[in-house]
Each structure stands twice: as C-alpha cells, then as structure tokens.
2 protein chains.
Amino acid sequence: MDNTTAQCPNHHPKRDYSHCSNCRLSGICLPLALEVSDIERLDSIVQRGKPLQRGEVLYRAGDPFTAIYAIRSGAVKTSHSDREGQEQITGFHLPGEVIGLDGPANNRYRNTAIALQTTSVCAIPFPELETLSRQVPGLQRNLLQLLSREITTEQRQFGLLGHANADGRVAALLLSFSVRHERHKLSPSEFTLPMARGDIANFLGLTLETVSRVFTRLQKQNVIHAKGKDIDIRDLDALRQLAHNPEDL
Amino acid sequence: MDNTTAQCPNHHPKRDYSHCSNCRLSGICLPLALEVSDIERLDSIVQRGKPLQRGEVLYRAGDPFTAIYAIRSGAVKTSHSDREGQEQITGFHLPGEVIGLDGPANNRYRNTAIALQTTSVCAIPFPELETLSRQVPGLQRNLLQLLSREITTEQRQFGLLGHANADGRVAALLLSFSVRHERHKLSPSEFTLPMARGDIANFLGLTLETVSRVFTRLQKQNVIHAKGKDIDIRDLDALRQLAHNPEDL
DNA sequence: CGCCCAGTTGAAGAATTTCAAACGATGTGG
DNA sequence: CCACATCGTTTGAAATTCTTCAACTGGGCG
C-alpha cells in the first residue's frame, strides 16, 4: 500500500531517504566510502518493503538464504534455538546494522529475525550483491569487513559470557547501546531499550530475575536510573569499570 | 632451512602435500569444489612456511592483518584479552580450519594465535586472495562461506555459554572434537586433546577446578574415559544429551 | 632424589537460580 | 466506571551451582 518514500522515518516525513545516496545511515552502512556511481549501482539492487510491525518475522531459521538486511529504523532481535526448543538470542540490532550474515554459511538462515518495534529494513539480495561486489572492489571489501566485524562482535560477547558476572554483563549491554546511540548522534546517556527484561536475560545468559536485580542494584548505586525500558546513564565510568570494557563496542 | 616439502605431515614424509591440488585437506579447506585450474591459481599465492613449535605465536592481536591461515597439521588456539589483561580463548583450531578471519574487520588481527603443538599452516595473503576471488566466483563464495560459518560457530558457542551448565559445556566441547576428528576419518571416540585443562576452562567460562571435576564426574558415570588429555568417549548419546546439541558442530 | 607442573580433590563461600508472591500498568467485560 | 485478568517486572527466601582457597597427587626431568 505504501510507495517507497513511505519508509522514511516518521519524524522526517518530507525528506526522501529511499535511496542509499541520501540515506542518513550511509556513513555506517554498507555503502560506506563508496564512490557515488558505485552507490547508485548498489542502490539499484536494494529493495525496500513496507515496515514490519513489532513481533513480525523478517526471516526464520531454516529459510532459504536470499538477502541480507540493513536496518533503517526500529530494532530487531536475532535468535536461534537448539533442538530442545531452547531459544538463544544472538543479538539486538539497531539502524545502520546489517543482519542475515549467518546465511551464506549454508544458504539458509541460521537465525530467526524478529522486529522488536515497528522497523523498516533494506533488503539486499545476496546473489546480486555477490556479483556486484566482484565489479566494485570497495564493495567487496565492505562486505568482507561486515562479516569480519560480526565475527569480532560475537567474540566479544563470547568473552563477556565467559568472564563477566551479572553486573558486568548488564553493564556491557548498556554500554553497547550507549555507543551505538552515540553513533547516530543521539544521546549516549538517555535512551529506551527496545527489548524486555526477559530478552536481555536470555541474551546475557542470566535469568530474568537476576537482570531485574542488577538493574535495581545499579540504580541504588546511582550508576543508572531505569524506569522500565527507559534508561538514563548517570555514571558512565562506573559502568565501564563494571564491564571491564575492551576497546570499542 | 626447510624446503617446501618439509611441511608435509611427519607420518607421510614421502608424499608431496605442498600444493593445494594434492593436499588431503582440500575437501574441507578453502579450495573446496573449485576447478583444478582455479585451485592452481589459489595455490600460486599460498605460502607454506616452516612448522611452528608448541607455544609459538602465529600472529598477535594488534598486528597488521596480512593473511589468513589454513591449518595443515597440529592445533592452534586463538585468544584475545581485554584491557585488564584477562585472556579469553575464542577457539581451538584443527587441520583444515582457517583462522585470521577476524582480521578484515579493521585490518588488524583482533586475536592472538598460538600453536598448541607442532603445527604447520598455509598462509594465504589477503590482498591477493581478495583480487583472486574477484576473478574466481567459486572462491569468492568459499571465502564468504568461511566467514559466515565462523559467525555461526561463534553463535553456537555463545549459546552454549548462555544456556549450558558445566557438564553441558564440557560435553559440547568433547563432541565438537569428536565430529571434527571424524571429518578427518579419525576415530570420533578416541583422541587426544591438544590443550590443557586451564585452556578448556578459560574457553568454556569455567574454572580449571570445575572442568577437572566434570571430567571425573563423566568418568564415574562411564560417559567417557579420560586420562589426562587422552579421551575415550564411551557413551556418545549421553554426551549428546548433556550437550543439548543443536544440529551439526 | 627432589622439584615442578598439571591435574585432582575437599570444604567453605559466593553468586546465581529457582520457586513463590506481589506489584503496577494496561486492557476487557459486566 | 469498576472489578477482574494479564503481562512484564520486582522482590524475597531457599536451594543449587560454581568458585575460591588450600592441600595433595603423580608424572616428568634436571
């Protein structure tokens, strides 16, 4: 029902963000550092559908792998489940981030991606992207970087679960959101988490109750102020110290 | 001091494995499913150095990223440390596996790779590989698959730390080695672990003592027989059940 | 022989989970 | 408009798992 311009963020309804070349996210997304003419070629294969509502599935584990997705607005969680049906959330993804990179491994998505809010994405069909990236070296580089960065991100999280206690894990998560918000020139200290406590707990390998207790504890120590999903970071250094934070997030 | 043929596995000293085209690992390594002529092109950029001794560093976190490495024989651990100097082992790598894929993210290795035994590797210079993979679509595909597979592997481990108890984590590790040995037509039930208990503990986010206790416990239950690093899996199903194992490893 | 290292074992302690109850916001039907 | 059910969250107390600290074992090597 919508035309392409309808996917623009609600608060800027008049501007046309429906092309990579004028997308506000081009600085952190796949087109990064490409020439204008190359961005246009990339743009020509990108597909923009209508926004997903909260809870809608973008792709499901086991689906044939067709495209990777750049998030334009909103938030997405990715998860996979073992055969006992036990769900493990593998990540929370914000605008400018690309998901579906688990697909090329065996031509099926390994994860399920679900919108946490109203979310709009750019679909980048993978076969086309592969072809194009053979012709555009910078794009090939960006694609490889994207995958490699995903690897290092996972490794960091892996290290977190390996060596941090409950406080450290929650602190690291909050810091991660903080710096990702800052990247968008949003406040790094005040933001709203897109997911519920249960999702945080699942992601961090803790129970819902423990996460809740950590939030109250951090609040009593005046490190953060949290009302539900609304977070206000009061003492960034304390948070960093708790998270034992390795370089960037 | 060695010529190139000297990197052949010790137990087959007469055969020439110094080219991808006759490497026994080509079925699981980067050349997988490439045409003969393409394998030869790949081969022409691959560098084979002299073997590393136990404890030697292949690359160090922070080093400029120059090449990815395919392991020919031996075993390697990769790890990274946060700024407190806390080390987190991110993986144990066996022949046929490729490491260094964390490098493209920002042109530096994020991890340190250390030989756990005498180990020989093939170095594949990355700029050359990038160029070549633009010309050989199958190679481009394999490279992307390699990275993507690394992502899914990390995610599995991530899920493990998130949702498995000490027994489950150790069981999963043993199973992982079991199937990886099987891939090489080695016994999936009897093998020698290349790393010490402390490394296992670090990798699994446990203490050395807990790992040791799990080994004794599994032994008392007749699930495994373990004498130091020598493992004999007695009850594969029990192990699988403990690990709650999601699909392949 | 004696030292050292890796691994094992024990007992006490701490952190997290589990079970249970209660809360506050939100929505629904009478 | 109020009673009631629901959902996400918070809080408490007991149970459990894992860690910590410490002692001990056994094999390898000078």
Side-chain angles (χ1 to χ4, degrees), chain A residues 54-55 75 77 86-89 92 114 116-117 160-174 192-221 223-232 242-244, chain B residues 54-55 75 77 86-89 92 114 116-117 160-174 192-221 223-232 242-244:
Chain A
R54 177 195 160 115
K77 71 171 172 182
Q86 172 91 279
E87 185 194 34
Q88 167 70 45
I89 294 177
F92 303 108
I114 298 179
L116 288 165
Q117 316 170 335
L160 198 70
L161 294 213
H163 285 299
N165 59 13
D167 288 23
R169 296 183 197 188
V170 172
L173 180 82
L174 292 177
T192 302
L193 294 172
M195 70 302 217
R197 294 284 186 277
D199 281 346
I200 297 177
N202 182 303
F203 177 68
L204 295 178
L206 300 168
T207 58
L208 190 158
E209 293 95 325
T210 300
V211 170
S212 177
R213 279 185 246 269
V214 173
F215 271 98
T216 29
R217 201 178 308 152
L218 292 180
Q219 185 144 356
K220 276 183 187 142
Q221 296 164 182
V223 177
I224 63 170
H225 179 84
K227 178 154 182 59
K229 292 171 180 164
D230 294 326
I231 306 294
D232 180 359
L242 279 171
H244 273 214
Chain B
R54 176 195 162 115
K77 72 171 171 181
Q86 172 90 277
E87 186 193 35
Q88 167 70 46
I89 294 177
F92 302 109
I114 298 178
L116 288 164
Q117 316 169 337
L160 198 70
L161 294 212
H163 284 300
N165 58 16
D167 288 24
R169 295 183 197 188
V170 173
L173 180 82
L174 293 175
T192 301
L193 295 173
M195 70 303 217
R197 294 283 187 276
D199 281 346
I200 297 178
N202 182 303
F203 178 67
L204 295 177
L206 300 169
T207 58
L208 189 158
E209 294 95 324
T210 301
V211 170
S212 176
R213 281 184 245 271
V214 172
F215 271 99
T216 19
R217 201 179 309 152
L218 293 180
Q219 185 145 356
K220 276 184 187 144
Q221 295 164 181
V223 178
I224 63 170
H225 179 85
K227 179 153 180 61
K229 292 172 180 164
D230 295 325
I231 306 293
D232 180 0
L242 280 170
H244 274 214

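Note that this is a predicted model, so its numbers are computed, not measured. Values below: all heavy atoms of this structure, side chains included; hydrogens, waters and symmetry mates excluded. So you know, we letter chains A, B, ... as the sequences are listed, proteins then strands, and number each from 1.
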Worked verdict on A/I231 versus A/T192 for side-chain contact (heavy atoms from CB on, under 4.5 Å): CA-CA 6 Å; A/I231 306 294; A/T192 302; over 6 Å; no

Decide side-chain contact (heavy atoms from CB on, under 4.5 Å) for A/L174 and A/L193; before the verdict, give the C-alpha distance in whole Å, the side-chain angles of both, and the deciding distance to 0.1 Å. CA-CA 9 Å; A/L174 292 177; A/L193 294 172; 4.2 Å; yes

Under the criterion side-chain contact (heavy atoms from CB on, under 4.5 Å), I'd like the reasoning laid out for A/L208 against A/I200: C-alpha separation, chi angles, the key distance, then a yes or no. CA-CA 8 Å; A/L208 190 158; A/I200 297 177; over 6 Å; no

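Distance CG (B/L161) to P (D/dC18): 13 Å, rounded to an integer number of Å. D/dC7 atom C1' lies 11 Å from atom NZ of A/K229, rounded to whole Å. Following rounding to the nearest Å, A/Q219 (CD) and D/dT10 (P) show an atom-to-atom distance of 9 Å. Between B/R169 atom CZ and D/dT17 atom C1' the separation is 11 Å, expressed in whole Å. Here D/dT11 presents its P atom at 13 Å from CG of A/L208, a figure rounded to the nearest Å. For the pair A/F215 CZ and D/dG8 P, the computed distance is 16 Å after rounding to whole Å.
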Quick one: which protein N/O atoms are closer than 3.5 Å to N/O atoms of nucleotides 19-26 of chain D? Pair and distance per line, please.
{"residue": "D/dT19", "atom": "OP2", "partner": "B/T207", "partner atom": "N", "Å": "3.3"}
{"residue": "D/dT19", "atom": "OP2", "partner": "B/T207", "partner atom": "OG1", "Å": "3.2"}
{"residue": "D/dT19", "atom": "OP2", "partner": "B/T210", "partner atom": "OG1", "Å": "2.4"}
{"residue": "D/dT20", "atom": "O4", "partner": "B/R213", "partner atom": "NH2", "Å": "2.7"}
{"residue": "D/dC21", "atom": "N4", "partner": "B/E209", "partner atom": "OE2", "Å": "3.1"}

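By the side-chain hydrogen bond (donor to acceptor under 3.5 Å, both in side chains) test, B/R54 pairs with no residue at all, sequence neighbours left out. For the side-chain hydrogen bond (donor to acceptor under 3.5 Å, both in side chains) test, residues two or more places apart in sequence or in another chain that qualify with A/Q219 are A/H225. Residues passing the ring pair (Phe, Tyr, Trp, His ring centres under 6.0 Å) test with B/F92, sequence neighbours excluded: B/F203.
For the side chain to side chain donor-acceptor pair (under 3.5 Å) condition, the pairs that include at least one residue of residues 199-210 of chain A, sequence neighbours left out, are A/K77-A/D199, A/T207-A/T210.
When DNA chain C is scanned in the 5' to 3' direction for atoms under 4.0 Å from non-hydrogen atoms of chain B, the outermost contacting nucleotides are C/dG7 to C/dA11.
Among the atoms of the strands shown, none is found under 4.0 Å from any heavy atom of A/K227.
Nearest heavy-atom pair across A/A166 and A/V214 is CB-CG2, 3.8 Å.
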